[in-house]
S.K.: 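Take a look at the following structure, please.
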Amino acid sequence: MQITFAEPSWPKSGALVVAVLAERKLTETAKALDEKSRGALRRAMAASRFTGAKGQWLEILAPAGLDAERVLLRGLGKGEEADAAAFEAMGGEAARRLALSGVERLAIVCDAVPGAKPGLAECAARIAYGVRLGSYRFDKYRTTRKADQKPSLAQVIVQVKGAAAAKRAYGPLDKVADGVFFTRDLVTEPANVLYPASLAKECRKLEKLGVKVEILGEAQMRRLGMGALLGVGQGSERESQLVVMQWQGAAKSHKPVAFVGKGVCFDTGGISIKPAAGMEEMKWDMGGAGTVIGLMQALAGRRAKVNVVGVVGLVENMPSGTAQRPGDVVTSLSGQTIEVLNTDAEGRLVLADALWYTQDRFKPRFMVDLATLTGAIIVTLGHEYAGLFANDDELAQRLATAGGLEGEKLWRLPMGEAYDRQIDSPIADVQNIGSGRTAGSITAAQFLQRFVNKVPWAHLDIAGTAWSKKATPTVPKGATGFGVRLLDRLVATHYEGK
Ligand code: BES
Ligand code: MN
Ligand code: ZN
């Protein structure tokens, strides 16, 4: 789909979206349209419950006196309610409503809204951003759809006074959307297509943006001593991989920020095997890695002025004659030994080595890891918030704030000594599950913390947010790309050029 910006003009065909404010207060273009159509808009509103409240839609087909084939009124509510998210939702919903409608061309008018927080150019850019994010589709494996089931909408024009400024404001957002789409694509791919080596190969695509990509195979990881990560992959026919991505957008002397992702390309549970029902969902157990890869794309794509490291541990957790057994003891890169009491608690084993490697090699300003780590986080927070754990209040606060602004919400959960005692092993340094059945997400975070030294660190448990069964204006069903926007914002606000 093509998204462009233009100065306002009357479209000769297609659909037209205009905003209406609370209590049926018409925006400038809505007023002009109403006059041109001799009152069609006001009559349609009077015949319906549409009041212009935030989120409402009213669709007018073949309005008399206008060339547009349909006019859609979108309620924006009171001016003060019109924030960046409201404009994104307006764009996203417009595109989603019309995607399969037969309409090919859509013009969305961005009029000045008195009281709106963002400036006019930013409002228009956010509309375009919403259009792009909301129109994501994964159609690669559909081969037999009839023409009338395929998307019709091919062109969206955001009409705004000062189109050039709007286009400039949209530039970096478009790059972040590229990153979100890359993440969604990777997370949606099935595990017969996307396995550690093929996912590592996908990372190589970032090289054309200037990202340095190194891929470590099993032999190299064995030499380094990554017994925790390798133990998880040892039951699989597919070779485990560790991918290190580096974006240098600032002087070499600047310490990098670091992101680390769990990349379990498929999680059967291993010998501690999962039940059959729903197991297909475990193709997206590489969601943390997917987010880190998409984030690298976003940051490099918009040429962020910061040094960034992305590390992803890629494995497949399978049961087989070579798989690790419950009770096995492995030696991690840190030197600490781990008693593997449950082979389904594998993500933390992968991250143990990836985190240690990252802090040891790069001495980063901070590390944030992302992982679809525990079913327990879904019990705790549902699908609304991701779990946030941290050893540093400032980093935690910055993450939570960035998440709130980008609609990717985080809720901080506690950590502490008493939880840590629950993962003491009787025969090794640590065990990979808690001794009781309680606080599963917290004991998982405590486990990770044993592999983090003094560096500021945060862990995002995205098991509840990486995949969605219901669509929102900017996030279609399926892979969400959760975390790309949030972390891009974190970097932009606090670490770029600093
Ligand atoms: N990948 C799962 C967690 C998960 C569950 C993600 C549901 C998304 C949806 C993880 O590897 C796992 O299996 N965790 C276990 C840990 C347990 C054995 C301590 C879990 O949550 O049941
Ligand atoms: Mn598991
Ligand atoms: Zn897993």
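Everything numeric in this text was worked out from a predicted model, so none of it was measured. Sequential numbering from 1 along the given sequence is applied to the chain's residues. Heavy-atom basis, side chains included; hydrogens, waters and symmetry copies ignored.
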S.K.: Quick one: pull up CH2 in Trp284 and OG1 in Thr480 and give me the separation to the nearest 0.5 Å.
M.R.: 9.0 Å
S.K.: Distance check, rounded to the nearest 0.5 Å: Met221 atom CE versus Gln241 atom CD?
M.R.: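 Interatomic distance, Met221 CE to Gln241 CD, rounded to 0.5 Å: 6.5 Å.
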S.K.: Please lay out, stage by stage, how Thr374 and Asp461 fare under the test side-chain hydrogen bond (donor to acceptor under 3.5 Å, both in side chains).
M.R.: CA-CA 7 Å; Thr374 66; Asp461 192 336; 2.7 Å; yes
S.K.: With the threshold set at 4.0 Å, does a side-chain nitrogen-carboxylate oxygen contact exist between Asp420 and Arg450?
M.R.: yes
S.K.: How close do Cys265 and Met286 get, heavy atom to heavy atom, and via which atoms?
M.R.: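 That closest heavy-atom pairing would be CA-CG, 3.9 Å.
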S.K.: If you measure from CD1 on Ile3 to CG on Asp174, what distance do you get to the nearest 0.5 Å?
M.R.: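 Here the interatomic distance stands at 7.0 Å.
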S.K.: Check the pair Asp185, Tyr136 against side-chain hydrogen bond (donor to acceptor under 3.5 Å, both in side chains), reporting the backbone distance first and the verdict last.
M.R.: CA-CA 10 Å; Asp185 282 347; Tyr136 174 81; 2.5 Å; yes
S.K.: Tell me whether the guanidinium CZ or amine NZ of Lys283 lies under 6.0 angstrom from the six-membered ring centre of Phe266 and within 45° of its axis.
M.R.: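 No, Lys283 does not lie over the aromatic ring of Phe266.
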S.K.: If we ignore hydrogens and angles and just use 3.5 Å, is the side chain of Thr331 paired with the main-chain N or O of Gly227 as donor and acceptor?
M.R.: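 Absent.
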S.K.: Look at the side chain of Ser468 and the backbone N and O of Gly478, then say whether any donor-acceptor pair between them is shorter than 3.5 Å.
M.R.: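 Checked: no pair found.
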S.K.: Identify the heavy atoms of Pro196 and Arg238 that sit nearest to each other, and give their distance.
M.R.: CD-CB, 4.0 Å
S.K.: Verify, without hydrogens or angle tests, whether Ser332 (side chain) and Asp353 (backbone) share a donor-acceptor contact under 3.5 angstrom.
M.R.: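 Absent.
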S.K.: Just checking, is any N or O donor in the side chain of Tyr141 or Glu189 under 3.5 Å from an acceptor N or O on the other one?
M.R.: yes
S.K.: Around atom NZ of Lys201, are there more than 12 heavy atoms of other residues, nucleotides or ligands at under 6.0 Å?
M.R.: no
S.K.: Any salt bridge linking Asp178 with Arg132? Criterion: basic side-chain nitrogen under 4.0 Å from a carboxylate oxygen.
M.R.: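 Yes, Asp178 and Arg132 are salt-bridged.
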S.K.: Between Asp429 and Thr337, is any side-chain donor less than 3.5 angstrom from a side-chain acceptor?
M.R.: yes
S.K.: For the CZ atom of Phe451 and the OG atom of Ser334, what is their distance to the nearest 0.5 Å?
M.R.: 5.0 Å
S.K.: With Trp457 as reference, evaluate Thr358, Leu448, Asp392 under the side-chain contact (heavy atoms from CB on, under 4.5 Å) test and give the passing residue.
M.R.: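 Of all the options given, the one that passes is Leu448.
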S.K.: Going by an N to O cut-off under 4.0 Å, is there a salt bridge joining Asp393 and Arg412?
M.R.: yes
S.K.: Looking at Lys469, I'd like to know if its NZ atom is crowded, meaning that more than 12 non-hydrogen atoms belonging to other residues, nucleotides or ligands lie closer than 6.0 Å.
M.R.: no
S.K.: Salt bridge or not for Glu207 and Arg204, using N-O below 4.0 Å?
M.R.: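 Judged by the 4.0 Å cut-off on N to carboxylate O distance, Glu207 and Arg204 do form a salt bridge.
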S.K.: So, for Asn432 and Phe447, which heavy atoms are closest and what is the spacing to 0.1 Å?
M.R.: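 Taking Asn432 first and Phe447 second, the nearest heavy atoms are CA-CE1, 3.8 Å.
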S.K.: Around atom NZ of Lys78, are there more than 12 heavy atoms from other residues, nucleotides or ligands closer than 6.0 Å?
M.R.: no
S.K.: Measuring from Gln449:CD to Asn391:CG, what's the distance to the nearest 0.5 Å?
M.R.: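 Nearest 0.5 Å value for the CD-CG distance: 5.5 Å.
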S.K.: Let's go through Phe181 and Leu133 carefully: what are the C-alpha distance in whole Å and the side-chain angles of both, what is the deciding distance for side-chain contact (heavy atoms from CB on, under 4.5 Å) to 0.1 Å, and is it a yes or a no?
M.R.: CA-CA 8 Å; Phe181 278 29; Leu133 290 170; 4.3 Å; yes
S.K.: Let me confirm one number: the CD1-OH distance from Ile442 to Tyr419, rounded to the nearest 0.5 Å.
M.R.: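 Between atom CD1 of Ile442 and atom OH of Tyr419 there are 4.0 Å.
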S.K.: Are there over 12 heavy-atom neighbours, none belonging to Glu237, within less than 6.0 Å of that residue's CD?
M.R.: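 Not buried by this count: 12 neighbours or fewer within 6.0 Å.
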S.K.: Please lay out, stage by stage, how Asp139 and Lys150 fare under the test side-chain contact (heavy atoms from CB on, under 4.5 Å).
M.R.: CA-CA 10 Å; Asp139 285 339; Lys150 291 188 181 157; over 6 Å; no
S.K.: So that I can tick it off, tell me whether Arg302 and Glu496 are bridged by a salt bridge, with the cut-off set at under 4.0 angstrom between side-chain N and carboxylate O.
M.R.: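 Yes, Glu496 and Arg302 are salt-bridged.
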S.K.: Give me the ring orientation class for Phe389 and His459: parallel if the planes are under 30° apart, tilted from 30 to 60°, perpendicular past 60°.
M.R.: parallel
S.K.: Thinking salt bridges, do Glu88 and Arg485 make one under a 4.0 Å N-O criterion?
M.R.: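 Yes.
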S.K.: Should the ring pair Trp411 and Tyr385 be called parallel, tilted or perpendicular, given that the plane angle runs from 0 to 90° and is split at 30 and 60?
M.R.: perpendicular
S.K.: Does CZ belonging to Arg145 count more than 12 external heavy atoms closer than 6.0 Å?
M.R.: yes
S.K.: Does the ring centre of Phe259 sit less than 6.0 Å away from the ring centre of Phe366?
M.R.: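 Centroid separation for Phe366 and Phe259: below 6.0 Å.
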S.K.: Tell me whether Asp344 is salt-bridged to Lys274, with the criterion being a basic N under 4.0 Å from an acidic carboxylate O.
M.R.: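 Salt bridge between Asp344 and Lys274, a charged N being under 4.0 Å from a carboxylate O: yes.
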S.K.: With a sphere of 6.0 Å drawn around CH2 of Trp57, does it hold more than 12 non-hydrogen atoms of other residues, nucleotides or ligands?
M.R.: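 Result for CH2/Trp57: enclosed.
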S.K.: Taking atom types as modelled, is there a side-chain donor on Glu316 or Ser236 under 3.5 Å from an acceptor on the other?
M.R.: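 Ser236 and Glu316 do have a side-chain donor-acceptor pair below 3.5 Å.
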S.K.: Is it the case that atom NZ in Lys454 sees more than 12 heavy atoms from other parts of the structure closer than 6.0 Å?
M.R.: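 Result for NZ/Lys454: open.
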S.K.: Could you tell me which non-hydrogen atom of Lys409 sits nearest to which non-hydrogen atom of Phe482, and how far apart they are?
M.R.: O-CZ, 3.7 Å
S.K.: Test His254 against Asn307 for side-chain hydrogen bond (donor to acceptor under 3.5 Å, both in side chains), laying out the working first.
M.R.: CA-CA 7 Å; His254 282 218; Asn307 295 335; 5.6 Å; no
S.K.: Is a side-chain donor or acceptor of Asp267 paired with a backbone partner of Met282 at a separation under 3.5 angstrom?
M.R.: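 Absent.
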S.K.: Identify whether the distance between the nearest side-chain nitrogen and carboxylate oxygen of Arg222 and Glu239 falls below 4.0 Å.
M.R.: no
S.K.: side-chain contact (heavy atoms from CB on, under 4.5 Å) with Leu314: which of Val243, Leu216, Leu194, Ile215?
M.R.: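 Looking at Val243, Leu216, Leu194, Ile215, the match for Leu314 under the side-chain contact (heavy atoms from CB on, under 4.5 Å) is Val243.
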S.K.: Evaluate side-chain hydrogen bond (donor to acceptor under 3.5 Å, both in side chains) for Ser198 paired with Glu202, printing each intermediate quantity in order.
M.R.: CA-CA 6 Å; Ser198 63; Glu202 288 293 316; over 6 Å; no
S.K.: Which of these, Leu224, Val311, Val315, Leu230, sits in a side-chain contact (heavy atoms from CB on, under 4.5 Å) with Leu242?
M.R.: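 Only one of Leu224, Val311, Val315, Leu230 forms a side-chain contact (heavy atoms from CB on, under 4.5 Å) with Leu242, namely Val311.
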S.K.: Closer than 4.0 angstrom, basic N to acidic O: yes or no for Arg489 and Glu408?
M.R.: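 Salt bridge absent between Arg489 and Glu408.
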S.K.: Counting N and O atoms only, with roles assigned by atom type, does the side chain of Gln248 sit under 3.5 Å from a partner on the main chain of Ala250, one being a donor and the other an acceptor?
M.R.: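 Yes, the answer is positive, given that a donor and an acceptor are paired below the 3.5 Å cut-off.
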S.K.: Under 3.5 Å, is there a donor-acceptor pair between the side chain of Thr291 and the main chain of Val484?
M.R.: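 It does not hold such a pair.
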S.K.: Using a 3.5 Å distance criterion without hydrogens, assess whether the side chain of Ser441 forms a donor-acceptor pair with backbone atoms of Ile377.
M.R.: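 Yes: the side chain of Ser441 pairs with the backbone of Ile377.
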S.K.: Does Arg325 offer a backbone N or O that forms a donor-acceptor pair with the side chain of Asp328 under 3.5 Å?
M.R.: yes
S.K.: Between Glu80 and Lys117 (salt bridge meaning N to carboxylate O under 4.0 Å), is one present in this structure?
M.R.: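 Lys117 and Glu80: not salt-bridged.
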S.K.: Give a yes or no answer on whether the side chain of Asp369 reaches the backbone of Val260 with a donor-acceptor pair at less than 3.5 Å.
M.R.: no
S.K.: I'd like to know whether Ile108 forms a side-chain contact (heavy atoms from CB on, under 4.5 Å) with Met90, so could you lay out the CA-CA distance, the side-chain angles of the two residues, the decisive distance to 0.1 Å, and finally the verdict.
M.R.: CA-CA 9 Å; Ile108 305 178; Met90 173 171 166; 3.8 Å; yes
S.K.: Please answer whether the main-chain N or O of Thr465 pairs with a side-chain N or O of His383 as donor and acceptor at a distance below 3.5 Å.
M.R.: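 Flag not set: sc His383 to bb Thr465 has no pair under 3.5 Å.
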